[in-house]
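Read through the structure below, which is laid out as structure tokens, and then see the notes.
Heavy atoms only: backbone and side chains are in, while hydrogens, waters and symmetry mates are out.
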Amino acid sequence: MIEARHLRVLRAVASTGSFSAAGRELGCTQPAVSQQMKALESSVGTPLLVRTGREMRLTQAGEALVRHAAGIIAGLTAAEEEVAAIAGLRAGRVRLVSFPSGSSTLVPTALAALRAAHPGTRVSLEEAEPPKSVELLREGDCDVALAFRYEGAAGAEEWDDLVVRPLLTDRLVALVPEGHRLARTEGAVGIGELARESWIAGCPRCRGQLVEVCEGAGFSPRIDFATDDYPAVVGLVGAGLGVAVLPQLAVESVRPRGVRTVTLEPAVRREIVALTLPDLAQVPAVTATLDELARAGARQSATR
């Protein structure tokens, strides 16, 4: 193995012509220079210098190694500077995957704060619902994944192999048209009071949770419309075409017109988290992104 420190010594000897002069240039002793040159010659298996009196002359192998050393040392210097920039958050890249309601609420606040604090750190964003977002993280296709899981849900994902940063707890709320009989209700209502309604379902996971909650209350919801688009859900409810249950964060991500939110009992909540791999958690840019997401989650909770 050729070590960079040995190449630096070889270049100094080649340029100064002696071990003692090279030592002065490098800030070390003449014996230290001699030892490093012996180690380098041992590594390459051939003499690199010919000692003629007080001067040193490069062999053909030495000349070849010095010629390549300039590019190698320059490349290593550039690499050291780039790594130092990443470590100091002057540079870096984070690939973030988020579910839609997180993308429109938590992510903008977090990324704006991250850019203000560390303008050299670049973050890319893609959207995916869990468990797909978690798969992308485990497969190495992203660095941070926003995900959620419902409290007490059957078959809840296991994240034991991941670093989990809790962001906030999100409660499900009912959406009813403004003219609905429950629109002016103060306090919480049982979901069973909506048993005879037409239902508008959201994303597949939210849809599954809706069916599970309704069946737990003793009825199966009649789902007339289903869409992954939260504004479409709100629009359909506002047009009087049915009722819906959505996470509060999803409601906050749109402008709900013509609808009222109703608190449900018993409470159904989902835990929203940011996930990363243990090794990635040591990367400064990833740590900074997790920190800003956690702050955004805390601010979101404080405004409720």
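- When side chains are defined from C-beta on, R184 counts as touching R260, because their heavy atoms get closer than 4.5 Å.
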Between R295 and E292, does the salt bridge (charged side-chain N to carboxylate O under 4.0 Å, His left out) criterion hold? Intermediate values first, please. CA-CA 5 Å; R295 293 188 186 101; E292 293 301 345; 3.0 Å; yes
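- For CD of E178, the number of neighbouring non-hydrogen atoms (other residues, nucleotides, ligands) closer than 6.0 Å is greater than 12.
- Rounded to the nearest 0.5 Å, atoms CZ (R304) and CD (E252) are 4.0 Å apart.
- Contact record, A274 with L146: CB-CD1, 4.3 Å, taken as the closest heavy-atom pair.
- When every heavy atom of C142 is checked against every heavy atom of L280, the shortest pair comes out as O-CD1, 4.3 Å.
- Of the charged side-chain nitrogens involved, at least one lies within less than 4.0 Å of a carboxylate oxygen, so that R171 and E265 count as a salt-bridged pair.
- What you find for V134 and L162 is that their closest heavy atoms are CG1-CD1, 3.9 Å.
- Open room surrounds CD on Q60; 12 or fewer heavy atoms of other groups in view lie less than 6.0 Å from it.
- With hydrogens and angles disregarded, no donor-acceptor distance shorter than 3.5 Å links the side chain of S34 to the backbone of Q30.
- A salt bridge links E197 with R181: at least one charged nitrogen is closer than 4.0 Å to a carboxylate oxygen.
- Inspection of the S103 and E127 side chains reveals an N or O donor paired with an N or O acceptor under 3.5 Å.
- Side-chain heavy atoms closer than 4.5 Å link hydrophobic residues (I, L, V, M, F, W, Y) into clusters, and following such links, possibly through other members, connects L167 to V123.
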Set out, in order, the CA-CA distance, both residues' side-chain angles and the distance that settles side chain to side chain contact (heavy atoms under 4.5 Å, CB included) for T46 and T59, then state yes or no. CA-CA 9 Å; T46 188; T59 65; 5.9 Å; no
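- Salt bridge status for K38 with E41: absent, with no side-chain N to carboxylate O gap under 4.0 Å.
- Nearest heavy-atom pair, L194 versus A174, reported as atom, atom and distance to 0.1 Å: CD1-CB, 4.0 Å.
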